S.K.: 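Encoded as structure tokens, here's the structure I'll be asking about.
Not measured: the values here are computed from a predicted model. Computed from heavy atoms alone, side chains included, the values below leave out hydrogens, waters and symmetry copies.
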Amino acid sequence: MEMVWTSCWRSLGGARSGRTMEFDFIPFRKRGRREEAPSTFQKAVPHSHPPLVLGSLLLHLSEMSRPPPAPHVPATPTIADRDFLLSLAEENEERTMIDPTSKEDPKFKELVKVLLDWINDVLVEERIIVKQLEEDLYDGQVLQKLLEKLAGCKLNVAEVTQSEIGQKQKLQTVLEAVHDLLRPRGWALRWSVDSIHGKNLVAILHLLVSLAMHFRAPIRLPEHVTVQVVVVRKREGLLHSSHISEELTTTTEMMMGRFERDAFDTLFDHAPDKLSVVKKSLITFVNKHLNKLNLEVTELETQFADGVYLVLLMGLLEDYFVPLHNFYLTPESFDQKVHNVSFAFELMLDGGLKKPKARPEDVVNLDLKSTLRVLYNLFTKYKNVE
């Protein structure tokens, strides 16, 4: 007799009851093309289940073998790194981290990218490339190089430190130098050696924003960047969490030290619907003169950003030819554009205008408010010039 071997599970309730699964090998008699199981196969399946074909049985087994659903965990705080929580070993110890949802905010991502690009631009000659702020700045090595480059000084610290004590000593020296620079401004210092070395991204961002403000970095920081910070404290062996809002940036004027408000602040804050009228009037004014060179402006914030039109406009308004070797007619780099705008500002001073409130870097960085301020000063003096 030719035999075909198969198996069935003796107890379908085994997986849920915790009993060990048992299998019996049962002979099937092969009769022509049909295979019939003996009656013991039917008895092996509990009566509460209908007779199952092999595919249904396997499906049923797979469903019962799935792990039970995970218990519901409150969404607050949402912390991916369990080691972060486990590190809260001391009673009443407190740790903070940025809520993951805040990290996905476009303004936050822009702030991180702008600061990364700025650091890498400053340190390009050092052949240092920073890819992740908290991982690359915590030990003080990059911060040391950044401060030395920005301040034009040399810090008395060891070049390479591997131990935690050595890293914190270097950080202490670097941060003391930073504090000496910032303390006269009366700024709140929202970082410490422990927070930087602990890879606290909020503290690192506060430090970098303050450095960019103090050294008037040629970058445009996104305004009004606020993040939700998860504060976790250990009390009586349990972890308790709360959320606080942390403001990383304010307005460009506040951050760059221009605290006096003017008509354009009011316009942007309270009458944005009238902004198009102002832009249209200024476009008409500049085109009246630039058309003499067969040039035309349609977008104020972009077409004046490289400084070329500003230089040519000053020559037309003051009725003189600007030698082409004094500026870049087709600027490519950021520095070349800043040179052009700075040169245009010098021509404005020569023409009797006050020094513009805007920085050349703001115009190059497509800051519309800064560009409007510059053009409005020209309009005020030269509106009757033909």
S.K.: Does His339 have its ring centroid less than 6.0 Å away from the ring centroid of Tyr328?
M.R.: yes
S.K.: Indicate yes or no for a side-chain donor-acceptor contact from Asn120 to the backbone of Val130 under 3.5 Å, with no hydrogens or angles considered.
M.R.: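 Yes, Asn120 side chain to Val130 backbone: donor-acceptor pair under 3.5 Å.
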S.K.: Side chains of Glu332 and Gln336: is there a donor and an acceptor less than 3.5 Å apart?
M.R.: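 No.
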S.K.: Table please: side-chain donor-acceptor pairs of residues 192-209 below 3.5 Å, with sequence neighbours left out.
M.R.:
unit_1 : atom_1 : unit_2 : atom_2 : d
Ser192 : OG     : Ser195 : N      : 3.2
Ser192 : OG     : Ser195 : OG     : 3.1
Asp194 : OD1    : Lys168 : NZ     : 3.3
Ser195 : OG     : Ser192 : N      : 2.8
Ser195 : OG     : Ser192 : O      : 3.0
His197 : NE2    : Gln167 : OE1    : 2.8
Lys199 : NZ     : Glu135 : OE1    : 3.0
Asn200 : OD1    : Val202 : N      : 3.0
Asn200 : OD1    : Ala203 : N      : 3.1
Asn200 : ND2    : Thr96  : OG1    : 2.9
His206 : NE2    : Glu246 : OE2    : 2.9

S.K.: Please name the pair of heavy atoms, one in Leu316 and one in His289, separated by the smallest distance, quoted to 0.1 Å.
M.R.: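 That would be CD1-O, 3.2 Å.
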S.K.: Output side-chain donor-acceptor pairs under 3.5 Å for residues 138-147, partner residues at least two apart or in another chain, one line each.
M.R.:
unit_1 : atom_1 : unit_2 : atom_2 : d
Asp139 : OD1    : Gln141 : N      : 3.2
Gln141 : OE1    : Lys170 : NZ     : 2.6
Gln141 : NE2    : Glu159 : O      : 2.8
Gln144 : OE1    : Lys170 : NZ     : 3.2
Gln144 : NE2    : Glu148 : OE2    : 3.2
Lys145 : NZ     : Glu159 : OE1    : 3.1

S.K.: Mind checking what makes side-chain hydrogen bond (donor to acceptor under 3.5 Å, both in side chains) contact with Lys337, not counting sequence neighbours?
M.R.: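 With neighbours one apart ignored, the set is empty.
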S.K.: Looking only at side chains, do Gln228 and Thr101 share a donor and an acceptor under 3.5 Å apart?
M.R.: no
S.K.: Of the non-hydrogen atoms in Glu223 and Thr249, which two are nearest, and what is the gap between them?
M.R.: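 Minimum heavy-atom contact is C-OG1, 3.6 Å.
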S.K.: Side chains of Leu211 and Trp118, heavy atoms from C-beta outward: is any pair under 4.5 Å?
M.R.: yes
S.K.: Could you go step by step and tell me if Lys109 and Asp105 meet the salt bridge (charged side-chain N to carboxylate O under 4.0 Å, His left out) rule?
M.R.: CA-CA 6 Å; Lys109 289 184 175 181; Asp105 183 84; over 6 Å; no
S.K.: Inspect the surroundings of CD1 in Ile129 and state if more than 12 heavy atoms from other residues, nucleotides or ligands are less than 6.0 Å away.
M.R.: no
